[in-house]
Number of protein chains: 2
Amino acid sequence: MKPSGPLDRVAGAHDAAVLAVARRGEPVARTGLAEALQVTPQAISKILSRLSERGLMAELGSVSFGPGKPTTLYGIVPESRRAIGVHLTRTRLHGVVADLTGQILERREVEIDRGQPVPELISVLASAARDLARHGAGELLGVGVGMPGPVDPVAGVPLDSSSPTDAWRGASIRDLLLTELDMPVLVDHDSRAALVGESWSQPGLLDNAVLVLAEEGLGAAMRLDGTIVRGAHSRAGEAGHTVVRMGGRPCPCGRRGCAQAEYLAALEDDDQELAAEVLATVVLNLVRLVDVDRVVLGGRSIYAHHQVTMDAIRAALDRGLHAGAHGHVEVLLSTRGVDLIAAGAACEVLEHEYGLPSALVGPAAL
Amino acid sequence: MKPSGPLDRVAGAHDAAVLAVARRGEPVARTGLAEALQVTPQAISKILSRLSERGLMAELGSVSFGPGKPTTLYGIVPESRRAIGVHLTRTRLHGVVADLTGQILERREVEIDRGQPVPELISVLASAARDLARHGAGELLGVGVGMPGPVDPVAGVPLDSSSPTDAWRGASIRDLLLTELDMPVLVDHDSRAALVGESWSQPGLLDNAVLVLAEEGLGAAMRLDGTIVRGAHSRAGEAGHTVVRMGGRPCPCGRRGCAQAEYLAALEDDDQELAAEVLATVVLNLVRLVDVDRVVLGGRSIYAHHQVTMDAIRAALDRGLHAGAHGHVEVLLSTRGVDLIAAGAACEVLEHEYGLPSALVGPAAL
DNA sequence: TGACGTAACGCAACAGCGTTGGCTTAGTCT
DNA sequence: AGACTAAGCCAACGCTGTTGCGTTACGTCA
């Protein structure tokens, strides 16, 4: 029964909001921010001086519009902070360092043997992180890890996976990496990381959005009213195991007609059209349920045929929502390509430290 | 880019939290509340004195546990405030008055002619509300209206409906009723109202829950991390038009295999088992997507065969989630029976005034 | 019966964040 | 040069929660 915002959680809410506006890249001014945040210009002055003191923002100069004292412009200082992000799969590790705005400064890629035992995995992770840490300037905030399958972001533990003989299952990757690196570590589901990454660099745009990720499986993440949805057990977004064809193809999960089973089967038959139709159904169901106005698509499986897929989904949405007269739903392809999840994991660290408090509801710990 | 909690929105967050705890009915004490809210006992004293001054809570007495000064007990004053709730359908109006705890004090039921023009509808609504307003004590906070189909809760306007020649379509029920009654009016989707009502009387229990409502159609509402999901255009929860059987039965919405079409067809064939299976699929899909730990079922169509339906859904959830080792998902039948939506609409008014601010994100206006 | 320990509670001063009101600064326009 | 205007600073204040210390009311034990 904890209130959403005791003073110590709200402390800095306005500071974070100013930082979010500044993240867009354009210089910001006192009056505009006051308008945007619905506070007095005087409050913005105090906020900006706090942020400047922390090195997050800096005065850029001043411009004069007509009569009166010229406006002082402020801007974010991207190189003041950094975070490392890692996309971890069973066969590959893709790592990046990103600055405060989420811009990628450097990349690393490492192959992993399938079924690699946990201690080796940790040392590969740690050495990649240490390597990446040598690039860029500014305080290093921590390491984010995005991985497929359900993950407990508080404990940093992969939960059950489809293969019960999983070497990583139940391993506290977070704690092991934390002791190895002596640096905050945040572990989360890959699609959630991806959505955080997409929205960090375009603040406000994806406040009501879903991201559908098609890598080896099919996953989703949602941001509703600006808040990332985690769910009661941090398992929100298992779109791959929602049933779209009752009585359809059997799925390893034990049910029939799961979206993922139908999608993978269509790909196996090289039926791009059917695969896109399954994806479109998943997207439409999501839009109907949570009423988002933007949908982002990403993942290797989508990049391979993105033109066909995007067209099919856009067409299906136009057909499906026309009768309902939903406002237009924008369908976007991820802006980050193969860096999607690694960049997102880095942005999760940034968001944890400097994001709006509303984005942080629910369990997530560094 | 507004922050989630500027001070004036947070103002009273703790007060609301105390009120929420007290709403459970049991007397509350300083120490326990301080523990629950993570503030000092001294802060609780101030909060309780503010709430007492507003008449919302009162000192109940004191009890002594062992040595030391005895604990002063406080309790909510249910009769200090009231709200009216109305469940409006095309053929019937069901209205209630509820006290601050959501307890129903009085009911009214009025038949409506199908296709009744708007001015007549408003006068029927207003007279029912005025009648109900004579019952119970305490300040009357306003009128809540819950109705099927998409609704814009800011403007209080029913949006598109399946029948394009709808007499009510686009009518600003909120504004008309407001001028007629000179009292705050809140209009919302029926399933959302129902969920607010269920959770108001059991604060905290349904912080991560969905409610599936089966009346003439099939609807849903979600509460995630304590926040009611409204969506970008207040249309979240159209579970009836999610596709569960691609290529299945045609639906008036233009697509095939929508849950609602499959469900209604099964009922028409008097195949309770299939109907329950469709419902179970909808519920399982919801659980997979947003990972709630409680599911509430309600609506006339469910009450008719609730034993069969509940058993089928529980069985399907056990089967479907076993492989995923999800935590147990509790499936509950609505506690309010036919009052579900009317009571919920009243509770929406109460929640708007005295609920936790986190529950109020998104568009909703009185 | 009185002294002592204990737990709940109140009062007063303080801290953080935003607001208000008044003043200063630095430009354009006449 | 002087008037006008918009931006920005300083100081005092309001609200809410915290801290420190004193007060109250109860049980227990000598």
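Order of the sequence lines sets the chain letters (A, B, ...), proteins ahead of strands, with each chain counted from 1.
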Distance, rounded to the nearest Å, where [X] contributes [atom1] and [N] contributes [atom2]:
X: A:Y74; N: D:dA7; atom1: OH; atom2: P; result: 14 Å
X: A:I47; N: C:dC17; atom1: CD1; atom2: P; result: 10 Å
X: B:E53; N: D:dC15; atom1: CD; atom2: C1'; result: 14 Å
X: B:L37; N: D:dT16; atom1: CG; atom2: C1'; result: 14 Å
X: A:Q38; N: C:dG18; atom1: CD; atom2: C1'; result: 14 Å
X: B:I44; N: C:dA8; atom1: CD1; atom2: C1'; result: 14 Å
X: B:K69; N: D:dA25; atom1: NZ; atom2: P; result: 6 Å
X: B:E35; N: C:dA7; atom1: CD; atom2: P; result: 15 Å

Any [X] side-chain nitrogen or oxygen under 4.0 Å from OP1 or OP2 of [N]:
X: B:S45; N: C:dG10; result: yes
X: B:H14; N: D:dT16; result: no
X: A:T40; N: C:dG18; result: no
X: B:R30; N: C:dC9; result: yes

Using a cut-off of 4.0 Å on non-hydrogen atoms, how would the nucleic acid contact of A:T72 be classed: base, sugar-phosphate, or nothing? sugar-phosphate
Just call it for A:S62: base, sugar-phosphate, or nothing, with non-hydrogen atoms closer than 4.0 Å on any strand. nothing
Identified side chain to side chain contact (heavy atoms under 4.5 Å, CB included) partner of B:R81 from the options B:L56, B:I76, B:D99, B:T101: B:L56
Give the minimum heavy-atom separation between B:A345 and B:G85, together with the two atoms involved. CB-CA, 4.0 Å
Does B:Y74 reach the side chain of B:L60, with side-chain heavy atoms less than 4.5 Å apart? no
Do B:R30 and B:Q42 have side chains that approach each other closer than 4.5 Å (heavy atoms only, starting at C-beta)? yes
Assign each of A:L73 and A:K46 to its nearest nucleotide of DNA chain D by heavy atoms, then name whichever residue's nucleotide is nearer the 5' end. A:L73
Let me know, please, whether A:P41 or B:G68 comes out on the 5' side of the other along DNA chain C by nearest nucleotide. B:G68
Name the residue closer to the 5' end of DNA chain C, choosing between B:Q42 and B:T31 according to the nucleotide with the nearest heavy atom. B:T31
Partner of A:E351 under salt bridge (Lys or Arg N to Asp or Glu O under 4.0 Å), picked from A:R192, A:R23, A:R223, is A:R223
